[in-house]
Amino acid sequence: MKKLVSRFMAVLMAMTMILSMSMTAFAAEAPKGTLTVNNTVAGKTLDLYQIFTATKNGDNVAYTLNSAYEGFFQNKITGASKLTGEALSEKAYAYVKDQVGTDGSNGAAFAKDIMGWILSASGETKTAVESTHSTADTADTKTVIDNLVYGYYVVYPLGATDTSTAPGNETVKSVASLVNVTGDASINMKSNYPTVDKKIIPAQSGSGITVGAIVDDTWAGVHHMELDDENESEDAIAPHGTTDEKKAGDFGIGDTVTYQLTSKVPDMTGYNSYTFKFSDTLSKGLDLKEVLSVKVGNTTLKAGKTGTNTYALTYDKTSRILTVTLNDFYNSYKEHVGETITVVYTATLNKDAVIGMNPNTNKAELEFSNKPGTDETGKSEPSIVNAHTFDFTIFKYYLKDQKNQNDKTALAGAEFELYKANTEGTAADTNAKINIIDENNGVYRQATPEEASTAGFTSAKIVSDEDGKVLVKGLKAGTYYLKETKAPDGYNKLLSDIKIEIKAKYNDATGELESYSVIYTYNGNSTTVTNKDKATSPEVPVENKTGAQLPSTGSKGALMVTLAGIVLFGALTASKVFGKKKAKN
């Protein structure tokens, strides 16, 4: 009997082990599919939450609610507050089917609703939800997730937003997407990530918060221009269209550049606080001048340390970074998804600006919250804008042989002045003379207004060096006149001014500078020199001519004629005297 019991127990244990192995094998072989998510951005994260598990037999699919989401459906479905298990699962399936619609076209509201519940979950509920959670690192344009257990998922691009919905638009948009994975599936991610777009815009009138007040931390409460309605005539900001906004522009040294940063209020579903700040880095050739305005939609924000509809400012003079932080962003703008955020500020092109094809670059980034329930932030792709200022080289020379145009001999000591053309494009009067600073070694630049207004300031003469060359820099595109005020000793001064036109060519697609040309005209003859090289500048050759010396009274030739006459006169006199003496004898 004991042997029989022992044998029975052995068989039972063996069967248990076999059954256990079979169940393990069955679990390991649970069907899995592949999900392809299109329109993704490299380096971001996708969160996937499995709302229902699924089994499939041919065209038939059976769904079972994950217990982690019972609380959501108990609150949403009428009369389901005490249901659990299969009873609640059946109700949940019917609810989702009704909410999403037969083709899934109405799923945005449900996706937004359940994602908000997931992100706001806490305690045991949060732990339960996390058990149904998986992540995937995204690739550029398309992300493929293999070995995904069959089920119905909500897909959430961490930190993403949807700014296509503005107040008054009743169409519900959702950052999250819904997808059924019972094989190979794909979805198009319609959400995006907060971005900033930086442009150069036309000059704006009015006063703002100066860099001095920002650095000294006295900016809070400082009054600046009001921008309640850009279309009203009394508005200090001049209206402009998108065609006036540029990714690159050209300026003279000392000119003011007006910049505009734009973004949109993001969808903050799942958050209870939100960081939103602009960081703008100025290059060495640009000095921050003033912050003119900060707006959300049609609301002009005030400068302040805290409070609704306020913004805070900092500027680091060492790193040259301007930071504009929108205070209490979540509470102020959670109902304003899609509204445009605009920051306008100015900077001055200074004496350290790089020249020609080399850009004076500004880089703006946006820092924003990217994980609900934490202080974690992400950064947008930088938006880059370039400011250019141009130059040209004068080459002063003469030709020993007019038949050999290549035998150019450099001339030193020629003096020039530069004038800006008047509004008619013709030669300007002396009031349009450009103030010049001598930087030595044959380099001259346009003076800034501050330098020119300094007591005792005198504009430098542009003087050619021993190599005949001189570089003039810091000019914006436009028409100028080069006047030779003094020719080198022994040479004739130019009879008229040289007209110089600087023209910039920008790429229509990217807005970047492709090249710039200098067109110089003298005595009706024009020549164009185009530059695409960062290391060179267009050259304007200026020829001086000299002539053979003309004879004058009192010259050596006249003296010789006089002496010859004296000798001849003496000879004739002597001959006459000699003839008289001979006749007498």
Side-chain angles (χ1 to χ4, degrees), residues 163 166-167 194-247 249 255-266 276-282 286-315 321-329 332-333 336 338-348 362-368 383 385 387:
T163 55
T195 61
V196 57
D197 186 24
K198 181 171 187 174
K199 297 284 181 66
I200 294 173
I201 62 173
Q204 306 294 290
S205 60
S207 60
I209 300 175
T210 65
V211 62
I214 299 172
V215 172
D216 294 341
D217 199 32
T218 58
W219 53 267
V222 174
H223 174 76
H224 58 83
M225 55 183 22
E226 296 295 331
L227 303 175
D228 293 331
D229 186 350
E230 292 191 359
N231 295 317
E232 291 185 4
S233 59
E234 65 270 18
D235 192 353
I237 289 286
H240 67 272
T242 55
T243 55
D244 299 319
E245 300 173 359
K246 303 180 293 183
K247 295 299 287 185
D255 285 354
T256 296
V257 188
T258 305
Y259 293 105
Q260 176 180 274
L261 311 179
T262 57
S263 186
K264 290 191 175 182
V265 176
F276 196 96
K277 64 176 69 174
F278 296 94
S279 293
D280 196 305
T281 304
L282 285 73
L286 288 159
D287 291 332
L288 177 64
K289 187 177 180 181
E290 293 179 308
V291 174
L292 297 181
S293 67
V294 180
K295 294 180 67 175
V296 177
N298 292 321
T299 301
T300 300
L301 278 57
K302 298 182 182 298
K305 303 287 185 178
T306 58
T308 302
N309 293 334
T310 65
Y311 67 93
L313 295 171
T314 62
Y315 182 65
I321 296 177
L322 168 68
T323 303
V324 182
T325 303
L326 276 63
N327 298 323
D328 198 18
F329 190 79
S332 297
Y333 312 113
H336 295 257
E339 286 195 2
T340 300
I341 303 168
T342 308
V343 175
V344 177
Y345 78 92
T346 58
T348 304
N362 261 29
K363 181 178 70 174
E365 293 178 313
L366 183 66
E367 184 179 350
F368 56 91
S383 181
V385 171

Margin query: Within the 4.5 Å heavy-atom criterion, are Asn362 and Thr281 side-chain neighbours or not?
Written below: no

Next item on the list: Using a 4.5 Å cut-off on heavy atoms from C-beta on, say whether the side chain of Asp255 contacts that of Thr348.
Entry: no

Check: Side chains of Asp328 and Tyr333: do they bring a donor and an acceptor to under 3.5 Å?
Finding: no

Next item on the list: Would you indicate whether the side-chain heavy atoms of Asp280 and Leu261 approach each other to under 4.5 Å?
Entry: yes

Margin query: I need the single residue from Val294, Thr262, Ile201 that forms a side chain to side chain contact (heavy atoms under 4.5 Å, CB included) with Val344. Which is it?
Written below: Ile201

Margin query: For Lys247, is the NZ atom crowded, meaning more than 12 foreign heavy atoms sit under 6.0 Å from it?
Written below: yes

Item checked: Six-ring centre of Tyr259, Lys198 cation under 6.0 angstrom, axis tolerance 45° -> yes

Notebook entry, point to check: Step by step, would you call Thr310 with Lys305 a side-chain hydrogen bond (donor to acceptor under 3.5 Å, both in side chains)?
Noted result: CA-CA 8 Å; Thr310 65; Lys305 303 287 185 178; over 6 Å; no

Item checked: Sidechain-backbone polar pair: Trp219 side chain, Ala303 backbone, donor-acceptor under 3.5 Å -> no

Next item on the list: Given salt bridge (Lys or Arg N to Asp or Glu O under 4.0 Å), test Asp287 with Lys289 step by step and report yes or no.
Entry: CA-CA 6 Å; Asp287 291 332; Lys289 187 177 180 181; over 6 Å; no

Check: Does Gly304 offer a backbone N or O that forms a donor-acceptor pair with the side chain of Asn327 under 3.5 Å?
Finding: yes

Checklist line | Non-hydrogen atoms of Thr323 and Ser279 that approach each other most closely | finding: OG1-OG, 4.0 Å

Margin query: Would the distance check show the side chain of Thr340 and the main-chain N or O of Gly297 forming a donor-acceptor pair, the cut-off being under 3.5 Å?
Written below: no

Note to self: Closer than 3.5 angstrom, by distance alone: can the side chain of Glu290 be matched with the main-chain N or O of Thr210 as a donor-acceptor pair?
What the structure shows: no

Check: Any side-chain heavy atom of Val196 within less than 4.5 Å of one from Phe278?
Finding: yes

Next item on the list: Any chance you could measure Leu301, atom CG, to Tyr311, atom OH, to the nearest 0.5 Å?
Entry: 8.0 Å

Item checked: Test side-chain contact (heavy atoms from CB on, under 4.5 Å) applied to Val211 - qualifying residues, sequence neighbours left out -> Val215, Leu288, Tyr315

Check: Just by modelled atom types, is the Glu365 backbone N or O under 3.5 Å from a matching donor or acceptor in the Glu367 side chain?
Finding: no

Check: Just how far is it from atom CG of Leu326 to atom OG1 of Thr308, taken to the nearest 0.5 Å?
Finding: 11.5 Å

Note to self: If you apply the rule side-chain contact (heavy atoms from CB on, under 4.5 Å), what do you find for Thr195 with Leu366, and how did you get there?
What the structure shows: CA-CA 6 Å; Thr195 61; Leu366 183 66; 5.9 Å; no

Notebook entry, point to check: Do Phe276 and Thr325 touch side chain to side chain, with heavy atoms closer than 4.5 Å?
Noted result: no

Margin query: Can you give me the closest heavy-atom contact between Ser332 and Asn309, atom names plus distance?
Written below: OG-N, 3.7 Å

Next item on the list: Apply side-chain contact (heavy atoms from CB on, under 4.5 Å) to the pair Val257 and Leu286, showing each step before the final yes or no.
Entry: CA-CA 9 Å; Val257 188; Leu286 288 159; 4.3 Å; yes

Notebook entry, point to check: After noting the C-alpha distance and the side-chain angles of Gln260 and Glu245, does the key distance pass the side-chain contact (heavy atoms from CB on, under 4.5 Å) rule?
Noted result: CA-CA 9 Å; Gln260 176 180 274; Glu245 300 173 359; 3.2 Å; yes

Note to self: Quick one, Ser293 with Tyr345, criterion side-chain contact (heavy atoms from CB on, under 4.5 Å). Give me CA distance, side-chain angles, the key distance, then yes/no.
What the structure shows: CA-CA 7 Å; Ser293 67; Tyr345 78 92; over 6 Å; no

